[in-house]
Amino acid sequence: MAQTEKRVFDSEEDLAVSLAKYIAHLSDQFAKNKGLFTVVLSGGSLIECLRKLVEPPYVDSIDWSIWHIFWLDESAVPKTHVDSNYKLAYDGFLSKVPIPLGNVYAIDDTLSAEGAAEEYEARLKHLVNSKVIDISAKSGFPKFDLNLLGMGPDAHVASLFPGHPLLKENKKWVTFIKDSPKPPPERITLTFPVINSSDYIALVVPGDAQADAVSIALGGGNPPTADETLPVQRVAPEGLLTWFLDKDAASKL
Ligand SMILES: O=C1O[C@H](COP(=O)(O)O)[C@@H](O)[C@H](O)[C@H]1O
């Protein structure tokens, strides 16, 4: 069982402030101990929750030069498309902080979903060889320092959806889906073994739409189908899992 902590805030604003402090603290810790900080970004509401990080005091105190940015999942659409997780992250976060361009590893938007997944896995392997990304001694999968996860109302994380065979992928680092129940249908996603090799995972969940899923994951409730755990219930990092909930998301706990 992963080491887990739960933080509940009165408002989404308080959640965003605490998330910025948490990330800034980890960034300092990795700057001192490793000189590098590998960070994985989700799409969705996560990016809006990072808004305090691009404001003083954090924007000025963080050593952005050590940050290396990766994507948890991406839609198979051009980077200019409204469904692009790259576009969301660029507009809301990356364009506001001085992370070196060469440290931003976007998923290739010129390839098919299958091709982009293969290319991203090859790129991650290259970055392991060049010692930008660690490998977990325990799992043999890439080990990111911080994984910033969101969760959908159906308890999906990344592009790993309830009941989908991809939940059980245990060999690939990066895979693709062509029948996503949430549009757009074609997506690229990191797999659970990679997600769970992370040193730190922040599961950032604002809003009441996710309250049922939160209550199943944290309150011991039953998943909709008894024989199938929800995607979020499979999140169990080697390091520390911290839930960031506002009071609406935690309302059914
Ligand atoms: O489709 C996606 O949804 C999840 C959850 O999004 P949210 O808006 O409900 O927080 C997101 O984490 C993922 O990156 C995205 O592709």
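Count residues from 1 along the sequence. Computed from a predicted model, the values in this text were never measured in an experiment.
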**Student:** Look at the side chain of Arg51 and the backbone N and O of Ile47, then say whether any donor-acceptor pair between them is shorter than 3.5 Å.
**Tutor:** no
**Student:** Under 4.5 Å between any side-chain heavy atoms of Pro184 and Glu186, yes or no?
**Tutor:** no
**Student:** Taking NZ, NE, NH1 and NH2 as the nitrogens, is one of them in Lys79 or Glu74 under 4.0 Å from a carboxylate oxygen of the other?
**Tutor:** no
**Student:** Are the side chain of Ser84 and the backbone of Val77 linked by a donor-acceptor contact shorter than 3.5 Å?
**Tutor:** no
**Student:** Whether the side chain of Ser198 engages the backbone of Lys143 through a donor-acceptor N/O pair (distance < 3.5 Å, no angle test) should be reported.
**Tutor:** no
**Student:** Testing Val204, Leu230, Val232 for side chain to side chain contact (heavy atoms under 4.5 Å, CB included) with Met151, which one passes?
**Tutor:** Val232
**Student:** Using the side-chain hydrogen bond (donor to acceptor under 3.5 Å, both in side chains) rule, take His68 and Asp145 through it: C-alpha gap first, then chi angles, then the decisive distance, then the call.
**Tutor:** CA-CA 10 Å; His68 289 255; Asp145 299 327; over 6 Å; no
**Student:** State whether a side-chain donor-acceptor pair under 3.5 Å links Glu169 with Thr175.
**Tutor:** no
**Student:** Using the side chain to side chain contact (heavy atoms under 4.5 Å, CB included) rule, pick out the option among Asp199, Leu240, Leu146 that qualifies with Leu26.
**Tutor:** Leu146
**Student:** Without hydrogens or angle criteria, can the side chains of Asp109 and His81 be said to hold a donor-acceptor pair below 3.5 Å?
**Tutor:** no
**Student:** Step by step, work out the side chain to side chain contact (heavy atoms under 4.5 Å, CB included) result for Leu218 and Trp243.
**Tutor:** CA-CA 10 Å; Leu218 283 173; Trp243 285 77; 3.6 Å; yes
**Student:** Between Arg187 and Asp73, does at least one N-O distance fall below 4.0 Å, as a salt bridge requires?
**Tutor:** yes
**Student:** Mark yes or no for whether Ser27, through its side chain, and Ala24, through its backbone, hold a donor-acceptor pair below 3.5 Å.
**Tutor:** no
**Student:** I'd like to know if the side chain of Lys96 and the backbone of Val54 have a donor-acceptor N/O pair within less than 3.5 Å.
**Tutor:** no
**Student:** I want to check something: taking the side chain as every heavy atom from C-beta on, are Asp154 and Phe161 in contact at a cut-off of under 4.5 Å?
**Tutor:** yes
**Student:** Keeping Ser18 on the side-chain end and Asp14 on the backbone end, is there a donor-acceptor pair under 3.5 Å?
**Tutor:** no
**Student:** For a 4.5 angstrom cut-off between non-hydrogen side-chain atoms, does Leu72 reach Leu41?
**Tutor:** no
**Student:** Determine, stepwise, if the pair His164 / Ile177 fulfils side chain to side chain contact (heavy atoms under 4.5 Å, CB included).
**Tutor:** CA-CA 9 Å; His164 198 282; Ile177 177 169; 3.6 Å; yes
**Student:** If only atom types and distance count, is the side chain of Trp64 paired as donor or acceptor with the main-chain N or O of Val59 below 3.5 Å?
**Tutor:** yes
**Student:** Can you say whether the rings of Tyr86 and Tyr90 are parallel (under 30°), tilted (30 to 60°) or perpendicular (over 60°)?
**Tutor:** parallel
**Student:** Would you say the side-chain atoms of Glu118 pair up with the backbone N or O of Tyr120, donor to acceptor, closer than 3.5 Å?
**Tutor:** no
**Student:** So, Lys52 and Glu13, do they make that salt bridge, N to O below 4.0 Å?
**Tutor:** yes
**Student:** Restricting to non-hydrogen atoms, name the atom on Lys34 and the atom on Asp134 that form the minimum distance, rounded to 0.1 Å.
**Tutor:** NZ-OD2, 3.0 Å
**Student:** Do Phe244 and Lys6 have side chains that get closer than 4.5 Å, going by heavy atoms?
**Tutor:** no
**Student:** Aromatic contact between Phe144 and Tyr200, with the criterion being ring centroids under 6.0 Å apart: yes or no?
**Tutor:** no
**Student:** Where the side chain of Ser130 meets the backbone of His126, is there a donor-acceptor pair that is under 3.5 Å apart?
**Tutor:** yes
**Student:** Is the backbone of Ala211 close enough, under 3.5 Å, to the side chain of Asp208 for a donor and an acceptor to pair up by distance?
**Tutor:** no
**Student:** Are Lys32 and Asp28 close enough for a salt bridge, meaning some N to O gap below 4.0 Å?
**Tutor:** no
**Student:** Under a 4.5 Å cut-off applied to non-hydrogen side-chain atoms, are Ser159 and Ser180 in contact?
**Tutor:** no
**Student:** Nearest 0.5 Å, what's the OG-CG distance between Ser11 and Asp248?
**Tutor:** 10.0 Å
